[in-house]
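In what follows, chains are A, B, ... by sequence order, proteins preceding strands, each numbered from 1. Values below: all heavy atoms of this structure, side chains included; hydrogens, waters and symmetry mates excluded. Since the structure is predicted, the reported quantities are computational estimates derived from the model, not experimental observations.
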Amino acid sequence: MAADDTTLPAHYDPHAAFARYAPEWEASAVFRADPDAPGAPYCIVIPPPNVTGSLHMGHALNNAIQDVLARWKRMDGFNVLWLPGTDHAGIATQWVVERTLRAQGIERRDLGRDAFLEHVWRWKAESGGTIVRQLKRLGVSCDWSRERFTMDEGLSRAVRENFVRLHEEGLIYRDTRLVNWDPVGLTALSDLEVETEENVQGELWSFAYPLSDGSGEIVVATTRPETMLGDTAVAVHPDDPRYMHLIGKTVRHPLLDRAIPIVGDAILVDPAFGTGAVKVTPAHDFNDHEVGKRHNLPMLVIFTADAKVNAEGGPYAGLDRFVARRKIKEDIAALGLDRGAKPHLMTLPKSQRSGAVVEPMVSTQWFMRMKPLATPAVGAVEHGFTTFHPTQWENTYYAWLRDVKDWCISRQLWWGHRIPAWHCAACGGVTVSREDATACGRCGSAEVSQDEDVLDTWFSSALWPFSTLGWPERTPDLARYYPTAVLVTGFDIIFFWVARMMFMGLHHMGHVPFKDVYIHGLVRDENGDKMSKTKGNVVDPLQAIEAHGADAFRMTLIGLAGLGRDLLWSDKRVETWVRFQNKAWQAYRFLHMHVKEAPATPAALGPMDRWILARAGTCVERVRAALDAYRFNDAAAEIYAFTWYELCDWYLEFSKSSLYGEDGPAKDAARWTLWTVFHALARMLSPFMPFFAEELWRNLPGTTGTCVTQAWPKASDFPRDDAALAEVALLQEAIVTVRRIRSEKEIAPRVPLAATCDEALRVALAPHAAALRDLAGVTLGGGAKPASAATAVVGGHELHVVLEGVLDVAKERERLDRELERVRKSVSFLEGRLGNEGFVARAPAALLEKSRAELAADRETLAKLETARAALA
RNA sequence: GGGCGGGUAGCUCAGUCGGAAGAGCAGCGCCCUUACAAGGCGCGGGUCACAGGUUCGAGCCCUGUUCCGCCCACCA
C-alpha cells in the first residue's frame with residue numbers, strides 16, 4: 001500500500017477547517033442552550049469584554065479556558081449555557097469617543113448630553129462588534145442567541161431595580177464627603193479606580209507657621225505645599241512636651257493672614273516623625289478630613305473641579321495646583337519661613353483611566369453601604385459555597401471585603417446607566433424610582449429633573465450572572481442556570497468584579513453566583529515581561545491565529561495554564577502544538593491508508609491492541625481528573641504524551657506488521673483498534689482543538705454528525721488490562737535495550753542483530769518476534785551466552801546481544817566503567833538503606849521488599865560487570 | 001508596615017502520599033525507515049536559593065535568612 005493511498009491532504013489546514021465548521025456550528029445552533037433539555041445545568045457567564053476593546057492575549061486565554069470547559073461539559077452530558085456579552089465600560093468608552101470627536105474639533109460639552117450619547121451609540125454600533133467577531137475567530141462555543149450588553153434594555157432594568165431596592169433598604173445613600181476626584185476626567189472615582197504609582201521621587205518640604213502671639217513658630221512638613229491654602233489647623237500630639245502647652249493657641253497663616261488653631265490629636269500625629277507637628281487640610285486629605293471631623297474644623301475647599309486654586313486661595317486663585325505649589329514655595333521663602341526640603345520617596349495616587357493625579361475633594365455623591373453586603377460574601381466563601389482555584393486567592397478576597405469602605409457609585413459622566421433619582425426644584429426632595437418620575441415624591445411638584453450622574457460601570461457588571469439570565473423577571477433561564485458553575489477570570493478584577501458579583505448575587509438571589517472561581521495568570525512575553533504597547537512586546541492573538549491556526553494557538557495557551565502561574569508566551573511554544581497537530585494528522589493519514597470503512601468489532605484482540613486501548617483509558621481518566629481540578633496544563637500534557645509517545649511511537653509501529661501483513665484476524669483487530677482509538681481521540685481533543693478534532697471526526701469512516709455533540713470519552717469504555725500492560729512493557733523494555741546497545745556500540749540500524757536469553761524470557765517474547773525485528777532489528781534465540789556479547793537485564797532476565805561488528809574496545813571499556821560506577825553507587829545506596837534499623841523497622845513493607853530484591857539483582861549485575869571489565873583489561 | 005506567590009537541567013516549567021530528580025524546548029551522536037525530516041532512535045545535562053530543625057529517610061513538613069514578582073495599606 002503506497003504512502004499516498006489516502007484522500008486526505010498531506011497536511012492539516014486549520015483555516016480551511018475553520019471556514020468549514022465555524023459557520024456550520026453557528027447556523028445549526030449546536031451551542032444554543034435549552035432550559036427544557038435534560039442534563040445537569042452547567043453555566044458560564046463570560047467576563048464581558050469592553051465594547052471599546054479589541055482582543056488581546058488575556059482575552060484569548062480567558063476564553064480558551066472557558067471554551068474548553070463549556071465544550072467538555074457539553075460533550076459530557078451537561079446542559080451547558082455559555083452566555084456571551086459585552087460591557088459598556090463607562091469611562092473607557094466615553095474617553096475613546098471623546099478623543100475621536102476632539103480629533104474632529106468637537107468637544108463633548110459643546111455637543112450636549114443627548115447629542116454626545118448619540119455619537120457613542122453610533123460608535124458602539126460600528127465598532128462594538130469588533131471584539132465579538134475576534135472572539136469567534138478563537139472558536140468559542142458561546143450561545144450567541146443570548147448575547148447581552150450591559151446597557152441593553154433588560155440589563156438596564158436590572159440596574160434600576162437593584163438601585164431602587166438597595167435604596168429602599170438603606171444600602172444606597174447620598175452623602176457629601178471626601179471622595180477621590182479625577183481633575184481631568186472631572187468625575188469622582190471609587191477607591192479601586194485609584195492606582196498608586198510607587199517610588200515617585202518627591203520632596204518633603206518644611207516651613208514654619210509663626211505663632212499668632214509672636215512667641216515662636218511651629219515647623220510642619222508636607223509633600224504638597226499648595227494644600228496649605230486650605231489648612232485649618234496644625235495638629236500636635238497631646239502628650240508631646242514640645243508642643244502640649246501650645247494646644248488651643250493659634251498660628252498665623254503667612255500667605256492668607258488667617259488664624260489657624262493648634263489642636264492635639266493622638267491618632268494622626270506620630271511625635272517621632274518629622275517635626276512632630278502636622279498641617280491639617282481637612283478638605284483635601286483623607287487623614288486630615290478625619291481630624292477635621294474630630295475637632296470640628298472648617299472644611300476649606302481650595303480647588304475647582306479641574307484642580308485650579310479657587311477664590312479661597314486669594315492671590316493664588318486661578319493657578320493650577322502645581323503652578324501654585326512653586327509659587328507658594330517661593331513666597332514662603334521670601335518671607336523667611338522656608339525650613340528646607342529633603343528628597344522623599346512617595347506614592348502618587350493616579351486615576352486608573354486618565355492618569356491624572358487624584359485630588360481628594362469634598363463632593364456630594366451616591367454610595368453603597370458595604371458592611372452588610374460584604375459580611376455574607378465573606379461567609380459564603382468561608383463555608384465553601386464558592387471555592388477559588390487556586391485557593392490562595394481567597395485570602396485576597398477576604399482581606400479586601402473585611403475592611404472595605406463604602407463604594408462611591410456615582411460618576412460625573414454621560415455614558416452609562418443614569419441614576420434613577422429625580423431632584424425636586426421646589427422642595428429639594430429626591431425621588432428614587434423604577435419608572436421615570438414625573439412628580440416629586442415628597443411635595444408632588446412636577447418640577448423634577450433626573451440626577452445628571454451615571455453609575456460606576458461595575459455597578460451593572462456586579463449583576464451580570466443573574467441580570468443576563470433575565471433578573472428581575474423569573475425567567476426559565478434564571479431558574480435553570482443560576483447559580484452558574486464557574487467564573488473564569490484574572491486576579492486583577494477580584495475586587496472590581498468577583499467580590500461585587502458575590503455580594504450582589506447573595507443579596508438578590510440568596511445564593512452565590514458561581515460555585516467555582518478559576519483565577520488564571522497573566523500572559524507575559526517570553527522574558528516574563530508584561531506585554532505593553534510602549535514596550536512593543538504585545539502579541540496579537542489574531543496574528544498568532546492567522547499564523548498557526550486557532551487549534552494550535554488555543555492549545556498553546558491551555559498548555560501554559562498552570563494553576564497560580566503567569567504564562568510566558570513564546571512562538572516556540574506554538575510550534576510544539578503545531579508539530580503535535582501535524583504528528584496526529586500524519587498518524588490519522590496512516591489510519592486512512594488501512595481503514596476504509598468502519599471496522600466490525602473483531603473476534604479477538606492482540607496484546608498490543610489491548611495495550612493501546614488500556615492506555616487510552618488511562619489518558620481519558622487523567623485528562624478528566626486534570627480538568628476537574630482546573631489543571632489545564634496537565635490535561636494538555638496528558639493528551640500530548642498519549643498521542644505522541646504511546647499511540648504514534650509504539651502502537652502505530654506495532655500495528656504495521658499486522659496491517660502490512662496477510663488479511664486475517666490480526667489485521668482486523670488492528671484496524672478496529674486504530675479506528676477506535678481515533679474515534680476516542682477526536683472526541684477527547686474536541687474541547688481543546690475543536691476544528692482539528694472536527695476534521696478528524698468527519699473523515700473517520702462510520703461517523704455521523706458533528707463531533708461537538710458526541711459524548712466525551714469515558715474511562716470505562718476502555719477496560720483495564722494488566723496482562724497486556726505487563727506484556728507490552730516487557731516487549732518495550734527489550735526493544736529499548738537493544739536499541740540502546742546498538743546506539744552505544746555504534747551498530748548501524750540496517751545491520752541485523754541476534755540475541756540470546758534464558759528460556760523464560762524467550763518464551764515470553766516469542767509472540768513478538770515481528771515487533772523485535774521491525775522495531776529493534778533483533779532476532780531472539782535460546783541458548784548459552786555467546787562469546788562476544790553485550791548483556792543487559794530485561795524484565796529481570798539477562799539478554800545477550802551478539803556483537804557481529806568490530807567492537808571498539810576502548811569505548812566498551814569506558815561504557816563498562818560508567819556502568820560499574822552506576823551499579824556500585826546503587827549497591828552502596830541500597831546497602832546503606834537496608835543496614836539502617838530505622839528504615840527496616842518503619843518503611844512500608846512493599847518498599848522494603850523492593851529494596852531487597854533490587855540489592856540482590858544489583859550485586860549479581862556487579863559481579864558480571866566486573867568479570868566483563870576484567871576480560872577487556 | 002501587612003499579606004500572597006515564586007527560586008528545581010542552558011531556557012520555560014511539572015513534581016499529588018515524605019521513599020534513588022521529571023517533561024518540553026535547546027544541546028550532542030546516529031538514521032531520508034514505505035504516517036510524519038514539521039520525522040525516528042539513542043545520549044548527556046541537577047549543591048532542588050541559603051542555613052538550621054523534625055524524621056530511619058526531606059525538593060516536599062517546621063523555623064530563620066535571602067533574592068525576585070505581585071497585592072493591600074500608609075506616607076506630615
Starting the side chain at C-beta, find the nucleotide from B:G42, B:A76, B:A38 nearest to A:T223. B:A76
Looking at residues 562-569 of chain A, who's got a heavy atom less than 4.0 Å off RNA chain B? A:R565, A:L568
For A:I735 versus A:A771, what's the shortest heavy-atom pair and its separation? CD1-O, 4.2 Å
NA contact type, A:P844, heavy-atom cut-off 4.0 Å: base, sugar-phosphate, or nothing? base
Contact class for A:D649 (heavy atom, under 4.0 Å): base, sugar-phosphate, or nothing? sugar-phosphate
B:A76 base / A:S206 side chain donor-acceptor hit below 3.5 Å: no
So which nucleotide does B:G42 pair with, by the Watson-Crick or G-U wobble rule with both distances under 3.5 Å? B:C28
Results of ring-ring contact (aromatic ring centres under 6.0 Å, His included) for A:Y518 - residues two or more places apart only: A:Y630, A:F632
Would you mind classifying the nucleic acid contact of A:H11 as base, sugar-phosphate or nothing, using non-hydrogen atoms under 4.0 angstrom? base
Hey, could you give me each pair passing side chain to side chain donor-acceptor pair (under 3.5 Å) that has a residue in residues 832-846 of chain A? Not counting sequence neighbours. A:R833-A:S851
Any idea which of B:A76, B:G19, B:G39 is nearest the A:K583 side chain? B:G39
Grab the N/O contacts between the protein and nucleotides 71-74 of chain B below 3.5 Å, and write none if there aren't any.
| residue | atom | partner | partner atom | Å |
| --- | --- | --- | --- | --- |
| B:C74 | O3' | A:N287 | ND2 | 3.3 |
| B:C74 | N4 | A:T347 | OG1 | 3.2 |

Is it true that A:F553 and A:W569 have ring centroids separated by less than 6.0 Å? yes
In short, salt bridge (charged side-chain N to carboxylate O under 4.0 Å, His left out) pairs touching residues 566-585 of chain A with sequence neighbours left out are A:R524-A:D566
Near-ring test A:Y12/A:W585, centroid separation under 6.0 angstrom: yes
Starting the side chain at C-beta, find the nucleotide from B:A20, B:C32, B:G42 nearest to A:S826. B:A20
Among B:C30, B:A14, B:G42, the nucleotide that comes nearest once only the side chain of A:R739 is considered: B:G42
Quick one: list whatever passes salt bridge (Lys or Arg N to Asp or Glu O under 4.0 Å) with A:E203, sequence neighbours left out. A:K329
Could you work out, with side chain to side chain contact (heavy atoms under 4.5 Å, CB included) as the rule, every residue matching A:R624, not counting sequence neighbours? A:W72, A:D76, A:D628, A:W712, A:K714
With nearest nucleotide decided by heavy atoms, which residue, A:W585 or A:E746, maps closer to the 5′ end of RNA chain B? A:E746
Under a 4.5 Å cut-off applied to non-hydrogen side-chain atoms, are A:Y243 and A:T275 in contact? yes
NA contact type, A:R631, heavy-atom cut-off 4.0 Å: base, sugar-phosphate, or nothing? sugar-phosphate
Just compare B:G69, B:A76, B:G5 and give me whichever is closest to any side-chain atom of A:R524. B:G69
Distance, C1' atom - from B:C13 to B:U8, rounded to whole angstrom: 9 Å
Quick check on A:E382: does its CD atom have over 12 non-hydrogen neighbours (other residues, nucleotides or ligands) under 6.0 Å away? yes
Look at the side chain of A:S826 and the backbone N and O of A:R822, then say whether any donor-acceptor pair between them is shorter than 3.5 Å. no
Base, sugar-phosphate or nothing for A:A587? Non-hydrogen atoms, less than 4.0 Å. base
Roughly, in whole Å, what's the span from CG in A:L652 to P in B:C41? 12 Å
Using a 90° cut-off around 0 for syn, call B:C61 syn or anti. anti
Looking at side-chain heavy atoms only, is the closest gap between A:F654 and A:Q732 below 4.5 Å? yes
Using a heavy-atom cut-off of 4.0 Å across all strands, would you classify A:E653 as base, sugar-phosphate, or nothing? base
Counting only heavy atoms and a strict 4.0 angstrom limit, can you tell me which residues of residues 274-285 of chain A come near RNA chain B? A:A277, A:V278
Less than 6.0 Å separating the ring centroids of A:Y397 and A:W393? no
Ionic contact status for A:R224 with A:E359, cut-off 4.0 Å: yes
Can you check whether A:Q581 reaches A:T643 side chain to side chain, under 4.5 Å on heavy atoms? no
Not counting sequence neighbours, which residues clear ring-ring contact (aromatic ring centres under 6.0 Å, His included) with A:H237? List them please. none
Of the listed nucleotides B:G19, B:A76, B:C31, the one nearest the side chain of A:P749: B:C31
Give one of base, sugar-phosphate or nothing for A:L204, where a contact means two heavy atoms less than 4.0 Å apart. sugar-phosphate
Under a 4.0 Å N-O cut-off, is there an ion pair linking A:D774 with A:K656? no
Considering every strand shown, what is the Watson-Crick or G-U wobble mate of B:A49 when both distances are under 3.5 Å? B:U65
Please write out the pairs of protein N or O atoms and N or O atoms of nucleotides 55-59 of chain B separated by less than 3.5 Å, giving the distance to one decimal.
| residue | atom | partner | partner atom | Å |
| --- | --- | --- | --- | --- |
| B:C56 | OP1 | A:R842 | NH1 | 2.7 |
| B:C56 | OP1 | A:R842 | NH2 | 3.0 |
| B:C56 | O2' | A:N836 | OD1 | 3.3 |
| B:C56 | O2' | A:N836 | ND2 | 2.2 |

Are any protein N/O atoms closer than 3.5 Å to N/O atoms in nucleotides 22-26 of chain B? If there are, list each pair with its distance.
| residue | atom | partner | partner atom | Å |
| --- | --- | --- | --- | --- |
| B:G24 | OP1 | A:Y645 | OH | 2.6 |
| B:C25 | OP1 | A:R579 | NH2 | 3.2 |

All ring-ring contact (aromatic ring centres under 6.0 Å, His included) counterparts of A:F642, not counting sequence neighbours: none
Using the C1' atom as the point on both nucleotides, what is the distance between B:C60 and B:U16, in whole Å? 11 Å
